[in-house]
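Sharing a structure with you now.
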Amino acid sequence: MIRNVAVVGYKQTVHTAASEVSRERMVYELVKSFYQEMGITKDDIDTFVMCTNDFQEGRTISEVYMVPRIGAYMKDETKVDSDGINAVFYGLMRILSGNYETALIVGYGMGGSEFPGPMIFNHMLDPIYERQLGLVNEISAAALQANAYMRKYRLTELHLAKIAAKNVRNASRNPYAVRRIDGISADDVLSSRLLYSPLRELHMYPPTDGACVLMLASEEKARQLTDTPVWILGAANCQETYYLGERDLTLPVSLKLAAKQAYKMAKIRKPSEQIDLAELHTNFASQEPIFAEALGLYPRGSGGSVIEKGESEVTGKIPLNPSGGPLGANPFTACGIIRIAEACAQLRGEAGANQVKDARIAVAHGYVGICAQHNTVFVLGTSPVS
Amino acid sequence: MRMRHVGIISVGYNGRFVSKRKDVNIPEMIQAAVENALAKTNLTLEDIDAFVEGNMPTFEGINYPNLWLSDHIGAVNKPLMRISTGGTTGMSAFHCAYYHVASGLYDTVMAIGWEKHDEGDAQVGLGGIVLPELFTMFSFGPAMSGPGAGGTLTGGGSTGGASFQAMSYLAKCGGDVEHIDMIAAQARSNAAKNPYAHLQMPGCTKEDIAKTPMVSYPLRYGHTCPTSCGACAMILTTDRKAKKYSDHVAWVKAVAAGTSDATTGNLVEGQITDPAEQLIATQVAKKAYAMAGIEDPKKEIQVAEVYDGFAHQELMWPERLLLVDEGKAPEMLERGALAIDGDMPINPSGGVVSTNAIGASAMVRVAEAALQVMGLAEGGHQVPRKVRNALAHGWGGLFQFVTVTIVGDTKRKG
């Protein structure tokens, strides 16, 4: 990268199943308190990158009433229509260009009190064939993906339940998470409502209202704004074919390619040795081993042994979703931004009860599309690339 | 810090913009624009490092259409960013492509803006901006329904709001409805010289426009844009690669964007903000001129493509963008200064009022500005004098988003 860029601050809401205030008020209060905590005003922000989605909001040009709430009135602002992690990516590119020194990224979701996820995501299907058939949807496709991996690598339903329980257990220690079940066990997961076999309610993200704000800055500005900048070492995104039948659902090629590019930028040669933790956009528990393997963190097909040996636990070899991940809270377009924020919290030593020891390099991941068709990878570190 | 230079090396259209394209589906329509853009260079899809795509998703009812489109636009196993910002979408997507190259992360990037209005209803889609507020008004009454309540008074869509703007603009500049007839006639006859334009009416007169029915005073049917189907694709690359790939380069000298409040033109705390004021446009234009190193836009810019969804805006925007003196646009129109061969040609392409595939429209403004700089505007809409710098403008949201791009025949200094 032609200059160093850092995450200088972030803040997420305490996510809820149904917000007591409107989305505009929720985002306004979050961003306002973020400015106060950072000791800055909106004039310190050179460019704003929002991430909203018209279908999630039920409104055309969904950002129209939100822009003044984040302080972007009469300021430079744009919007990414994707997962929030891509808004962070665009913010990064804007600072790299030299045209801006600071960027504020905002994403939010009201999947709890407004439209439920699967209803929105049905509109991602091609309108001519798949949508009309009514067979493929977000959950049924994820179930196909889960079955493909389980059959290929002999992952059992108990393994899958343990992965979900591990995530929810981490979420229970995360003060921002919405799904917090003390003492959750694999049995609780296995007795939850069946959606599409083998996926059950506790394998899937909970309906969530919430938001996240994140601030990026160039090296010069970052050092003025904070003593603990988290450096972006590498970032890349990639999209693969739409058609499920043409994809290897157990190893998303777009994630593999994005990871390869991001690691190259970050000068990471052996991800399984150099990376201390990963925050993954796992909308379903079954995606955790698939994404971790595509990212090169664990060997292919190791999902069963990783969860059995506790390697993905907060205290394990490479902790996966120490925050609890999207199984703890998934406020749609904020979800990918939260992955970066949680990874930064780990690197800054601010992760509380879920703190990973000696975390220096972390991976954050976000996706959009059925079975993760478009993937984005960030590599973050406590010191910039030398 | 020295910024990387970015050049536009190709502009592709799927063909002429029309009301209905029943012969193709969405991916097929866009694919034609992608192929057209590539065919004008010696590039293949392999050479494209990343894609940026944008449209207004509620118009066709497809969420994240980039996912379905990936295979048909060549964006398989490639980076792709999706942008959607209302009317400004096309130019916001272009700016995103610019930043892809300027960031140093990618060298050659394709930007795509599209809309297929025959697969949806634009006014229903636009009504969706204000409709949620309609329900709060039923629940809490107008006083409690907050910003956006005024929008419901305009009946959704955009013509209602635009008619307030037109009235306010006419009052400010001392113009007359006849001036709107006149500029609409100019747009329709310019469009006749652009083989890709939708509403082509050779020799259209102000009398022809005046005969069309009134929609919302002072705006007549002849003052409003059509809903078009079409796609625009542009290829951007670095200064090192530009000359290698193409004989014609339009250099991006400035990109700027700004956001005002959605309440512009609506009732806020007992006062109506003026929808014709558009301070944000002036602010963004000044930022762009500073970036491009332009001191006197009236002299240094030879042609402008502005986002005129309604004909009066073709007079209003040049004033707000400091291309003509405030209140002088009607007078300049009368003496032919805004025509293709005038002092300050505005929308030689026929503009948005003649062709409006919304997600493409703001990108088409940059595309047309680039073609003017390259000297490649087809069918007689090329500005006769040498175009050194051209300005493109986008407008969107609820009267609130403005984007500006300046392209030129030389690189930006510094």
Side-chain angles (χ1 to χ4, degrees), chain A residues 1-3 47-48 53-55 57-61 63-65 67-68 72-82 86 89-90 92-99 120-128 218 235-243 253-254 257-258 261 265 368-370 373-374, chain B residues 1-4 25 54 56-64 66-71 75-86 92 95-96 99-100 102-105 119 125-129 131-132 147-148 255-262 279-280 283 287 291 396-398 400-401:
Chain A
M1 283 189 274
I2 48 185
R3 67 196 303 210
T47 183
F48 293 79
N53 176 261
D54 294 4
F55 284 77
E57 195 140 326
R59 166 185 280 151
T60 302
I61 327 178
E63 72 274 31
V64 285
Y65 296 114
V67 276
Y73 176 63
M74 298 303 272
K75 301 273 287 180
D76 183 303
E77 182 270 344
T78 191
K79 184 194 99 183
V80 171
D81 184 27
S82 187
N86 294 309
F89 194 88
Y90 190 11
L92 167 70
M93 288 196 291
R94 286 188 156 218
I95 295 176
L96 285 176
S97 77
N99 206 10
I120 299 160
F121 295 124
N122 277 348
H123 287 88
M124 293 194 302
L125 300 171
D126 90 71
I128 298 167
S218 63
N237 76 87
C238 188
Q239 168 165 311
E240 61 190 86
T241 175
Y242 168 80
Y243 300 96
V253 63
S254 56
L257 289 169
Q261 179 62 27
M265 288 164 78
V368 283
I370 300 290
Q373 190 196 336
H374 181 284
Chain B
M1 184 183 156
R2 193 179 164 277
M3 285 178 69
R4 219 176 178 202
N25 63 19
M56 300 223 345
T58 49
F59 286 168
E60 291 86 3
I62 307 165
N63 197 10
Y64 302 136
N66 58 303
L67 301 170
W68 174 41
L69 293 174
S70 60
D71 299 70
V76 173
N77 299 342
K78 292 272 177 89
L80 184 144
M81 194 68 77
R82 175 166 161 78
I83 303 291
S84 181
T85 62
S92 298
H95 284 184
C96 186
Y99 283 112
H100 271 72
S103 69
L105 296 184
E119 301 202 10
L126 287 168
I129 308 174
L131 221 56
V255 293
T259 293
S260 178
D261 192 342
L279 292 172
I280 189 70
Q283 182 193 308
K287 228 189 276 181
M291 186 173 170
L398 267 181
Q400 83 203 96
F401 302 151

Please tell me if the side chains of A/Phe89 and B/Leu105 come closer than 4.5 Å, counting only heavy atoms from C-beta onward.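 Yes - at least one pair of side-chain heavy atoms lies under 4.5 Å apart.
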
d(B/Asn77 CG, A/Gln239 CD) to nearest 0.5 Å is 9.5 Å

Chain B: which of A/Met1, A/Glu77, A/Glu240 shares the most heavy-atom pairs with it under 4.5 Å?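 Highest number of heavy-atom pairs under 4.5 Å: A/Glu77.
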
With a 4.5 angstrom heavy-atom cut-off, is it the side chain or the backbone of B/Asp71 that approaches chain A, or both, or neither? side chain

Chain A heavy atoms under 4.5 Å from B/Leu69: which part of the residue, side chain, backbone, both or neither? neither

Report yes or no: does A/Tyr90 contribute a side-chain atom to a donor-acceptor pair with the main-chain N or O of B/Cys96 at less than 3.5 Å? yes

Which atom of A/Tyr242 lies closest to which atom of B/Leu67, heavy atoms considered: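 Here A/Tyr242 and B/Leu67 meet closest at CB-O, 3.2 Å.
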
Please identify, among B/Ala256, B/Gly396, B/Ala102, the residue contributing the most non-hydrogen atom pairs under 4.5 Å to chain A. B/Ala102

Part of A/Val67 lying under 4.5 Å from any heavy atom of chain B: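 Just its side chain gets close to chain B.
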
For B/Phe401 and A/Glu63: C-alpha separation, side-chain torsions, deciding distance, then whether side chain to side chain contact (heavy atoms under 4.5 Å, CB included) applies. CA-CA 11 Å; B/Phe401 302 151; A/Glu63 72 274 31; 3.5 Å; yes

Measuring only between side-chain heavy atoms, which start at C-beta, is B/Arg82 closer than 4.5 Å to A/His374? no

Restricting to non-hydrogen atoms, name the atom on A/Ile61 and the atom on B/Gly86 that form the minimum distance, rounded to 0.1 Å. CD1-CA, 3.6 Å

Using heavy-atom distances under 4.5 Å, tell me whether B/Leu80 contacts chain A through its side chain, its backbone, both, or neither. both

With a 4.5 angstrom heavy-atom cut-off, could you sort out which part of A/Ile128 is near chain B: side chain, backbone, both or neither? side chain

Smallest separation among heavy atoms of B/Ser103 and A/Ile2, with atom names: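 Answer, listing the atom of B/Ser103 first, then A/Ile2: O-CD1, 3.3 Å.
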
Gap between atom NZ of A/Lys75 and atom CD of B/Gln283 - 0.5 Å precision: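 Atom-to-atom, B/Gln283:CD and A/Lys75:NZ are 9.0 Å apart.
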
Looking only at heavy atoms and a cut-off of under 4.5 Å, which of A/Val253, A/Ile370, A/Asn237 has the most pairs with chain B? A/Asn237

Part of A/Lys79 within contact of chain B (heavy atom distance under 4.5 Å):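 Both backbone and side chain of A/Lys79 come within 4.5 Å of chain B.
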
If I measure from the heavy atoms of chain A, does B/Asn25 come under 4.5 Å with its side chain, its backbone, both, or neither? side chain

Min side-chain heavy-atom separation B/Ile83-A/Val80 under 4.5 Å: yes

Can you tell me how far the CG atom of A/Asp76 sits from the OG1 atom of B/Thr259, to the nearest 0.5 Å? 7.5 Å

Partner chain B: residue of A/Asn99, A/Asp54, A/Thr78 with the largest heavy-atom pair count (under 4.5 Å):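 The option with the most such pairs is A/Asn99.
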
Taking atom CE of B/Met3 and atom OG of A/Ser97, what is their separation to the nearest 0.5 Å?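 Here the rounded value is 4.0 Å.
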
Between A/Met74 and B/Ser260, does the side chain to side chain contact (heavy atoms under 4.5 Å, CB included) criterion hold? Intermediate values first, please. CA-CA 5 Å; A/Met74 298 303 272; B/Ser260 178; 4.1 Å; yes

